[in-house]
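Numbering of residues begins at 1 and proceeds along the displayed sequence. Since we're looking at a predicted model, the values are computed, not measured. Hydrogens, waters and symmetry mates play no part in the numbers below; they use all other heavy atoms, side chains included.
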Amino acid sequence: MEIYKNIRVLVLNQTYEPLHFCNAKRAIVMLLKGRAEKIESDGMVVRSPTVTIKIPSVIRLMRYIKRSYHGRIAFSKRNVFRRDDFTCQYCGSREGTLTIDHVIPRSHGGESCWENMVVACQRCNLKKGDQTLKEASMRLLRRPTKPSFLFHKNIYRSMPESFVKNWNKYLPDDVTHRMDKGGLQL
Ligand SMILES: [Zn+2]
């Protein structure tokens, strides 16, 4: 039954908002106790000599959980790196030293927040310098926003595609979009 621990199940709030991943054992306990319901499964089962247990890929909590207590994502430089998947948001490079850039420079009143900070390679950061995007004639690959969900990309890589497809139905577009390109990191 070791396999249990390695299988990840997406847990949705009662409102279908994704909360986090748990392992299959915990998911099954929650189902058996009536604390969650099965939303998706891909037919994966775990067999012991006496029982066969169907593994869900997505479960939904029967009671609403306030997000403020659960999985809130703190704003930090480290999490900006994770959100941007350690990729320069100007040129897409993942090479060399990566820095954090203020899209609107601090000298122009730019704040340190999710919406104004992106990962930039040293070259792009130097090129942009103390200029706005317009002044530097540079563009962002995508608009920086506060991430609603961050997790280790290995979760995605270690699970079968059928599981991932089920998860993607419930994850925000910005997450699934980044997953297609190799995933988020945590
Ligand atoms: Zn760059």
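Here the straight-line distance linking atom NZ of Lys169 with atom OH of Tyr16 works out to 12.0 Å at 0.5 Å rounding. Here the straight-line distance linking atom SG of Cys91 with atom CZ of Arg123 works out to 5.5 Å at 0.5 Å rounding. Taking OG1 of Thr87 as the start and CG of Leu141 as the end, the distance is 8.5 Å to the nearest 0.5 Å. Put simply, OG1 on Thr15 and CD1 on Ile65 are 10.0 Å apart, with the number rounded to the nearest 0.5 Å. If you take NE2 on His20 and CG on Asn13, they are separated by 9.0 Å, rounding to the nearest 0.5 Å.
Looking only at side-chain heavy atoms (C-beta outward), Ser112 and Met117 come within less than 4.5 Å of each other. Between Val80 and Trp114, some side-chain heavy-atom pair lies under the 4.5 Å cut-off. A heavy-atom distance below 4.5 Å is found between the side chains of Pro105 and Thr132. With a 4.5 Å cut-off on side-chain heavy atoms, Asp101 and Val119 do not count as touching. The closest side-chain heavy-atom distance from Ser41 to Lys54 is not below 4.5 Å. Pro144 is listed as a side-chain neighbour of Arg83, based on a closest heavy-atom distance under 4.5 Å. Put simply, the side chain of Gln89 reaches to within 4.5 Å of the side chain of Arg142, judged on heavy atoms.
Not a single donor-acceptor pair under 3.5 Å links the side chain of Lys146 to the backbone N or O of Phe75. Side chain of Gln14 to backbone of Met62: a donor-acceptor contact under 3.5 angstrom is found. In this structure, Asn125 contributes its side chain and Ala120 its backbone to no donor-acceptor pair below 3.5 Å. The backbone N or O of Lys127 lies less than 3.5 Å from a partner atom in the side chain of Gln131, making a donor-acceptor pair. Not one N or O on the side chain of Thr52 forms a donor-acceptor pair closer than 3.5 Å with the backbone of Arg47.
Both Phe163 and Val46 sit in one connected hydrophobic cluster of ILVMFWY residues. Membership requires side-chain heavy atoms under 4.5 Å apart, directly or through other members. No continuous path of ILVMFWY side-chain contacts below 4.5 Å connects Leu98 to Tyr90, so the two sit in separate hydrophobic clusters. Side-chain heavy atoms closer than 4.5 Å link hydrophobic residues (I, L, V, M, F, W, Y) into clusters, and following such links, possibly through other members, connects Val51 to Ile7. Ile53 and Met159 fall within the same hydrophobic cluster, defined by Ile, Leu, Val, Met, Phe, Trp and Tyr side-chain heavy atoms under 4.5 Å apart, directly or through other members. A continuous path of hydrophobic side-chain contacts links Phe21 to Met44 [ILVMFWY only; heavy atoms under 4.5 Å].
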Name the atoms and distances for all side-chain donor-acceptor pairs under 3.5 Å in residues 27-39, with sequence neighbours left out.
residue : atom : partner : partner atom : Å
Glu37   : OE2  : Arg60   : NH1          : 2.5

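Side-chain N/O atoms of Asn79 and Arg82 include a donor and acceptor closer than 3.5 Å.
Taking the six-membered ring where the residue is Trp, Phe86 and Phe81 present parallel rings, their angle staying beneath 30° rather than reaching 60°.
With Glu40 as the fixed residue, the side chain to side chain contact (heavy atoms under 4.5 Å, CB included) test singles out one of Leu10, Ile59, Asn166: Asn166.
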- prompt: When you look at Asp130 and Glu135, which way does the side-chain contact (heavy atoms from CB on, under 4.5 Å) test go after all the steps?
  reply: CA-CA 9 Å; Asp130 208 19; Glu135 287 165 353; over 6 Å; no
